[in-house]
Amino acid sequence: MPVVIELGSAPEHRISTRLSPLAELCACLHALDGPRHHPASRRWVGAVLQGADEGLLERAGGWAPLWGAFRARYLLPLTPGPERELEEELAAVAGLDEETFTTMTEQALVGKNGHGPGPGSRRGGRAPERFLARLRQLSERRFALGLRLLADPSGFRDGLLAFLSAVAEEVFEAEWTRLRPTLEADARVRSHEHSRYGAAVLAGFPTARMEQDPPRVVFDKLYNARASLADSPCLLVPSLHINPHLAIKHYPGYPVVVQYPVRHGAGAEPTALDVVMRGLRALDEPLRIRMCRALLRQSMTTTELATQFEMTPPQMSRHLRKLREAGMVHTHREGARVHYQLDEAAVRNLGVDLLSALHR
């Protein structure tokens, strides 16, 4: 199923590249909610799960549907032009009229790409009931958010913005400082390609291809959608934590946004030999190899692993720490329990990283 961006006339003048701290924050939160699908985020996710406030993590889980596969449109840049600070992007969300904010939220909760009034926008009648029934079918988290949204849209928005500000301060500011040079480097390369190739720069993204009559770029996605650059500017937003996804969001009156994963190694240093050696040493232990085999098949807690291998939890924790520090496992939280899962990509890349380090 395709997502189509119709180019119209002179589209190259309507495309620009810029960074967005809000978009990257929400990519981080998306990875936090589903770490198994985001191996590039494993170190950040592991650090957050180990060090963040329990209450903050619980709140992150409650809000998570808003930055799921159908991310709320207001969590990506709402205005064209130069980069804005996170506080300015959050202020833009606060400045949306209530109907637009509510409709964008409903679309994210339902997983809907169409526009116009959302299913819960009309108070009274059966529309809110159908909206909530649909959310309950999808998940209890979405249903809970739907109830809050319909009961008090203004309070819902205030609560979301307060959470985003709090989570940014506690776990994102340092990560954004670390990522920014890499994202800026990729943005410069993308801007150069745009000046050279024009709108064809869009066809350089994963799953994209250029078609003619009329000129358009088609992305292979799991849903159908269509946007036109004749009506809206297009912002290209580089991201490290969105990997391996590519997000395309559009809404009438606002820019079309393509948040894309930076190219492998773009602006980033190659894996150092000491990092590769740490991974090899972590696996140079028969017990940890057996643990990896178990964690390949399913995620497990420290206690579950200790029971399976007839060890005490503290003994098992020491082995898990070795694997985690080497990047061989990642974690996710279910309530109060931390589950470990083998990072298949990290194990698969170990030989490639070793050969690359030896060549340098």
Side-chain angles (χ1 to χ4, degrees), residues 1-6 20 22-23 25-27 29-30 33-34 61-79 89-90 92-161 163-164 219 221-228 231-235 237 242 245-259:
M1 291 184 284
V3 173
V4 179
I5 297 181
E6 299 174 344
S20 168
L22 178 58
L25 169 61
C26 292
L29 292 170
H30 177 73
D33 193 54
W63 290 109
L66 295 180
W67 40 81
F70 289 87
R71 191 186 308 181
R73 173 61 189 86
Y74 48 71
L75 297 178
L76 292 156
L78 289 169
T79 58
E89 292 191 298
L90 293 177
V93 179
L96 288 172
D97 65 81
E98 184 173 295
E99 181 178 353
T100 298
F101 175 83
T102 300
T103 302
M104 288 180 174
T105 304
E106 290 171 345
Q107 290 178 357
L109 293 178
V110 174
K112 175 177 179 288
N113 282 292
H115 305 300
S121 296
R122 297 181 298 278
R123 303 299 181 250
R126 297 183 57 189
E129 296 175 5
R130 290 196 298 269
F131 170 62
L132 293 174
R134 175 59 179 152
L135 295 185
R136 173 161 270 168
Q137 290 176 336
L138 293 171
S139 76
E140 285 300 318
R141 291 194 301 183
R142 293 173 186 272
F143 177 69
L145 287 176
L147 286 174
R148 291 178 61 182
L149 177 68
L150 294 182
D152 183 8
S154 178
F156 182 101
R157 173 162 37 185
D158 290 344
L160 172 62
L161 295 176
F163 166 76
L164 291 172
F219 297 82
K221 301 288 283 183
L222 297 177
Y223 55 91
N224 292 310
R226 186 174 294 269
S228 173
D231 306 319
S232 305
C234 179
L235 296 177
V237 178
I242 199 173
H245 306 304
L246 180 139
I248 305 169
K249 296 298 295 185
H250 57 100
Y251 192 92
Y254 296 90
V256 176
V257 178
V258 179
Q259 188 183 20

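It should be emphasised that the depicted structure is a prediction, and the values quoted were computed from it without experimental measurement.
- Residues Arg141 and Ala64 approach most closely at NH1-CB, 3.6 Å, considering heavy atoms.
- The two residues Lys249 and Phe70 make their nearest non-hydrogen contact at NZ-C, 4.1 Å.
- Proximity of Val237 to Ile242: side-chain heavy atoms (C-beta onward) are nowhere separated by under 4.5 Å.
- The heavy-atom pair separating Arg71 from Cys26 by the smallest distance is NH1-CB, 3.9 Å.
- For the pair Pro255 and Leu78, the tightest heavy-atom approach, listed with the atom from each and the gap, is CD-O, 3.3 Å.
- Judged by distance alone, the side chains of Tyr251 and Ser232 never bring a donor and an acceptor atom under 3.5 Å apart.
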Query - Test log, rule side-chain contact (heavy atoms from CB on, under 4.5 Å), inputs Leu25 and Leu29 - result: CA-CA 6 Å; Leu25 169 61; Leu29 292 170; 4.2 Å; yes
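- Ring planes of Phe163 and Trp67: parallel class, angle under 30° (limits at 30 and 60°).
- The shortest heavy-atom contact between Ala23 and Leu76 is CB-CD2, 3.5 Å.
- The distance from the CG atom of Leu145 to the CD atom of Glu140 is 11.5 Å, given to the nearest 0.5 Å.
- The aromatic rings of Phe101 and Tyr74 sit parallel to each other, their planes meeting at less than 30°, with 60° as the upper class boundary.
- To the nearest 0.5 angstrom, Gln259 atom CD is 10.0 Å from Leu75 atom CG.
- Using a 4.5 Å heavy-atom cutoff, the side chains of Val257 and Arg73 are in contact.
- The two residues Leu109 and Leu135 have their closest heavy-atom pair at O-CD2, 3.5 Å.
- In this structure, Thr102 and Glu106 have side chains that are in contact, with non-hydrogen atoms separated by less than 4.5 Å.
- In this structure, the side chain of Arg142 engages the main chain of Ala108 through a donor-acceptor pair within 3.5 Å.
- Between Leu22 and Leu164, some side-chain heavy-atom pair lies under the 4.5 Å cut-off.
- In this structure, the side chains of Pro2 and Asn224 come closer than 4.5 Å at one or more pairs of heavy atoms.
- Between Ile5 and Val258, some side-chain heavy-atom pair lies under the 4.5 Å cut-off.
- Annotation: the span from Asp152 atom CG to Arg157 atom CZ amounts to 11.0 Å, rounded to 0.5 Å.
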